[in-house]
Number of protein chains: 2
Amino acid sequence: MIEMYLLEQLDALAQHGTLIAASEILHITQPSMSRAMRKLEETIGVPLFEHKGNRLTLNEYGRIAAEYARRILDSQDEMVSRIRALERSKRTILLGSCAPGPLMELPSLLSSLYPDLTISTELRTEEELLTGLSEHVYQMIILIHKPENANIRAHLCGEEHLFCGLPLSHPLAKKKAISFSEMDGENFLMASEVGFWDQVVRTQMPHSRFLLQNDPSALSELVSSSSLPSFATDITLRLYGRMADRAFIPFSDTAAITQYWCCCRKEEELKYLAWFQLLERRANTA
Amino acid sequence: MIEMYLLEQLDALAQHGTLIAASEILHITQPSMSRAMRKLEETIGVPLFEHKGNRLTLNEYGRIAAEYARRILDSQDEMVSRIRALERSKRTILLGSCAPGPLMELPSLLSSLYPDLTISTELRTEEELLTGLSEHVYQMIILIHKPENANIRAHLCGEEHLFCGLPLSHPLAKKKAISFSEMDGENFLMASEVGFWDQVVRTQMPHSRFLLQNDPSALSELVSSSSLPSFATDITLRLYGRMADRAFIPFSDTAAITQYWCCCRKEEELKYLAWFQLLERRANTA
DNA sequence: ATCACTTACGGGTGACGTAAAAATC
DNA sequence: GATTTTTACGTCACCCGTAAGTGAT
């Protein structure tokens, strides 16, 4: 029987080259590793190491052992995280989104539908969300592109339209609509956690600079005391109202409008059937 | 970090149902297992068991953990046996054969070609030999059918012809050839380790009985003092000569003649190139 | 009463750390 | 002399076994 700590130490040695480096990573002393590696060698009964000068290196067999060690450690990690995630998914819905907008409205709806479950949310990139969903990290994710993956089921769950917030004194403040190119070059005040919108505005207005503020209320104060343009969306305007001293003008570009897809793993679609039906009704009444 | 002994005990529990049964298999006491399972549960942080009456059973999470445990233990075993087999294969050639004939001639030839290597032999079924070869248990195997597997290279390495040994007083002792059907129903003295020949004679002479003798010299004595028919082959006759008081008559059936294929894994064909060239020369001069 | 598991306690293996030596650069 | 590994020794964690206890059949 080869214990896991031996494989862990072998793996660390393979990755860091020397006993000292590996032992520092594992927070054990170097003699301890020296002993452990000898023990591993004796257990297998085949030499795994070579002494090259004052360095201990893996030989052909050691490298094979290290590959197995890596794989075994990986499956051990996977086992633990898989079980924990599964257990948690019985108690909570972790909802990941690529934009903050859906996270302002959907969690409370989820809560009312599933009162026994805890609803948590995270803001991540679409790529992170997709891998996280398949790895059972997320129970649901909100994307702006409908995923092609056959193991994922997607339902439309709303849309969002980007607005430009301008002080009333701004020359364009009276317009009914505005384009990114008209505003390109102006400096904006912006919340720092806006998900994919960050990418959108930087791409559409490459000559603009964006002053980020993490705290929403601080941002709000800054905006009202500043003459810099800001952002809003139909969702934020609906939920938080319009500032009296600002004009909010929709961007006319198609890049300023997005649809959101609420996705879950195929095998959980039935579990969330009521939820997707609620989204359906909500879309029809909107 | 989940140590291997915990996974081993979980696996045993999953396979045997109760702590007591599992602990007996592992040769540890039952309280020790009880503690270990609780420790595993605490480490993962998710309940893995249910108390059904006075029995401890795996719940949904426990069953998942047990699956992982099984896989991890398997790869750990594979790691050790793979490394040991690889190391051994550097020092020895383990030659498996489905018949004893080739093992009477080939090992000494191998020895003279590879004087630094230890040559060991085993008699097994073709099926066992094929899996053993792919799992690096054998470096070479001798089969009577050319294998189809693309990862295996086969070279002809000789043939063998079955003879019938008869006392000179036997009515058929003067014949030049003999068929299985002529002998069907007679009882034979036979060596017990004859590989696939066992199958051949039992199939071809279903009404005969075969008295097995494990020790070759004992068999030889029995044969010379008995009037029962016996077996020989061209190989045994060449190597050990003919008994003066017996006639050795070839069986005429095609089932009495076989070709032998010497096989190695594809990736080792170059390593044994000299050997296969020797077999080639030997076949041509024969 | 029997069976399966849990709790309690003591013992011994062995994994770790510290200190110092050996070997290579 | 600096770096890396090995050796030596003491300590403590923890895994196991024994024995008694609890609960279900």
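Keep in mind that this is a model prediction, so the values were computed, not measured. Order of the sequence lines fixes the chain letters, A, B, ..., with proteins taken first and strands second; residue numbering starts at 1 for each chain.
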**Study point:** SB check B:E67 B:R71 (cutoff 4.0 Å)
**Key:** no
Study note, to complete from the structure: Reading nucleotides 2-14 of chain D from 5' to 3' and marking B where a protein heavy atom lies under 4.0 Å of the base, S where only the sugar-phosphate is that close, and - otherwise, the string is -BSBBB-------
Exercise for review: Consider only side-chain N and O atoms of A:E3 and B:Y5, and report whether a donor and an acceptor are under 3.5 Å apart.
Suggested key: no
Review point. Nearest-Å distance, CE (B:M33) to P (C:dT7)?
Key: 16 Å
Check your understanding: Using 4.0 Å as the upper bound for N to carboxylate O, is an ion pair formed by B:R84 and B:E87?
Key -> no
Revision key, fill the gap. Rounded to whole Å, the CD1-C1' distance (B:I28 to C:dT6) equals 15 Å
Practice item. Using whole Å, report how far CD of B:E41 lies from C1' of C:dC5. Key: 14 Å
Review point. Between A:E269 and A:H155, do the side chains contain an N or O donor and an N or O acceptor separated by less than 3.5 Å?
Key: yes
Review point. Between A:R38 and A:E41, does at least one N-O distance fall below 4.0 Å, as a salt bridge requires?
Key: no
**Study point:** For atom NE2 of A:H27 and atom P of C:dG17, their distance in whole Å
**Key:** 11 Å
Point to revise | Interatomic distance, A:F49 CZ vs C:dA23 P [rounded to whole Å] | key: 20 Å
Practice item. For B:L26 and D:dC15, give me the distance from atom CG to atom P, rounded to whole Å. Key: 15 Å
Check your understanding: Between atom CD in B:Q9 and atom P in D:dC15, what is the gap in whole Å?
Key -> 10 Å
Exercise for review: Could you tell me whether A:E42 and A:R35 make a salt bridge, using a distance below 4.0 angstrom between a side-chain N and a carboxylate O?
Suggested key: no
Study note, to complete from the structure: Atom CD of B:E50 and atom P of D:dA24 are separated, to the nearest Å, by 16 Å
